[in-house]
Every structure is written in C-alpha cells, then in structure tokens.
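In what follows, a structure is listed as structure tokens, so that the remarks can point back to it.
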Amino acid sequence: SSQAGQQPFEHDEVDGAVYKGRVLYAAFSGPKNLQTGSIVCSYPVSAIDEVFDGPYLTFNKDTREWGSEPNRGFNCDRKKEQLDAAINLYLMEKGIQNPTPLFNTESSERVTAITADSFTYGGEDIMVLYAASDIGQVHR
C-alpha cells in the first residue's frame with residue numbers, strides 16, 4: 001500500500017508479522033534500496049477468510065489474458081489430479097480491502113520485527129503492539 005501525500009512507493013515486503021486475538025498484524029516496507037519507511041497494518045481473520053474463500057486469479061498462457069477461477073474449496077481427500085490443478089491456482093482474485101493502518105515510520109526507518117501482548121486492566125482488554133526498527137527504536 002502507498003501512503004497518501006508521499007512518493008508512490010509500494011510497501012510490498014513483509015518485515016514482520018504476529019497473530020494475536022484473531023487479528024494478524026504485519027509490518028511492510030518497500031525495496032531496501034529505496035527509503036520508503038514502514039507501515040504497520042492490522043487484518044481481522046474474517047477479512048483474510050473472505051479473500052481465501054473467494055475466486056482465484058488465473059492467467060491463460062494461450063490468450064495472455066487474466067481470468068477468474070471459482071474456488072471449489074480445499075479438501076484433503078481429493079484425488080491427485082484435483083490437487084495438481086489446485087497447485088496452479090495460487091493467486092487470489094481479490095485482496096483484503098481497506099486494511100487498518102496503525103502507524104508508519106519515517107522514510108529512513110524500517111520496522112524489523114513486531115510482537116503483541118494483551119492484558120486486562122480495569123475490566124477492559126488491552127492490546128499493545130511493539131515494533132522494533134533498524135535504528136534501535138521500539139514503537140508501542
């Protein structure tokens with residue numbers, strides 16, 4: 001994902017991820033030769049399930065066109081031919097829509113690891129996400 005108001009760099013390299021409380025938290029950055037900074041987003045498991053329950057994106061080598069292949073579900077008892085066909089369907093047609101960005105770093109700082117902790121305080125569940133960066137900072 002690109003950040004509004006900044007250079008249109010894609011943050012497409014995963015630098016760290018953690019799963020906590022039915023939410024996947026992930027840190028992304030751009031290519032190491034560019035100073036793109038990092039962005040940390042959250043993805044509810046329900047949004048991930050929705051994508052993986054949807055159709056696959058396919059490429060027809062003969063027509064050189066992209067198409068869609070229905071998702072027939074995964075079943076470990078399927079015959080070998082069905083599993084071989086499924087191996088070629090590895091791109092989902094849609095991505096997670098509108099991930100929740102939690103924070104981003106300056107362009108010269110990259111998140112290198114993230115972790116999460118949860119606790120109850122005053123009867124309320126609290127989630128704390130920690131992100132370590134390549135310049136020795138820990139963001140909370």
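The structure displayed is predicted, hence computed values, not measured ones.
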With salt bridge (Lys or Arg N to Asp or Glu O under 4.0 Å) as the rule and sequence neighbours excluded, what pairs involving [range] come up?
range            : value
residues 56-70   : E69-R72
residues 112-132 : none
residues 41-54   : none
residues 101-116 : E13-R110, D15-R110

### Summary
Quick note, ring pair (Phe, Tyr, Trp, His ring centres under 6.0 Å) partners involving residues 100-128, not counting sequence neighbours, are F103-H139

### Query
Within a strict 4.5 Å, meaning less than it, do heavy atoms of the V14 and F28 side chains meet?
yes

### Message
Within the structure provided, determine whether P70 and P55 are in side-chain contact (heavy-atom separation under 4.5 Å).
### Response
no

Give the minimum heavy-atom separation between [X] and [Y], together with the two atoms involved.
X    : Y    : answer
V23  : S42  : CG1-CB, 3.8 Å
A131 : I114 : CB-CG2, 3.7 Å
S29  : S38  : CB-OG, 3.7 Å
M92  : G54  : CE-O, 3.4 Å
S68  : T58  : N-OG1, 3.8 Å

#### Entry: For E93, all residues meeting salt bridge (Lys or Arg N to Asp or Glu O under 4.0 Å), sequence neighbours excluded
none

Report whether [X] and [Y] are members of the same hydrophobic cluster (ILVMFWY, side-chain heavy atoms less than 4.5 Å apart, transitive linking).
X    : Y   : result
V111 : V18 : yes
I48  : Y56 : yes
I96  : V40 : no

### Message
Checking A113 now: which residues fulfil side-chain contact (heavy atoms from CB on, under 4.5 Å) with it, not counting sequence neighbours?
### Response
none

### Message
Holding to side-chain contact (heavy atoms from CB on, under 4.5 Å), I want the full list of residues that pass it with L91, two or more places apart in sequence or in another chain.
### Response
L57, W66

How long is the straight-line distance from [atom2] of [Y] back to [atom1] of [X], given to the nearest 0.5 Å?
X    : Y    : atom1 : atom2 : result
L129 : L102 : CG    : CG    : 6.5 Å
Y130 : T115 : OH    : OG1   : 9.0 Å
Y43  : Y25  : OH    : OH    : 12.5 Å

### Task
Please check if the side chain of N71 supplies one atom and the backbone of F52 the other of a donor-acceptor pair under 3.5 Å.
yes

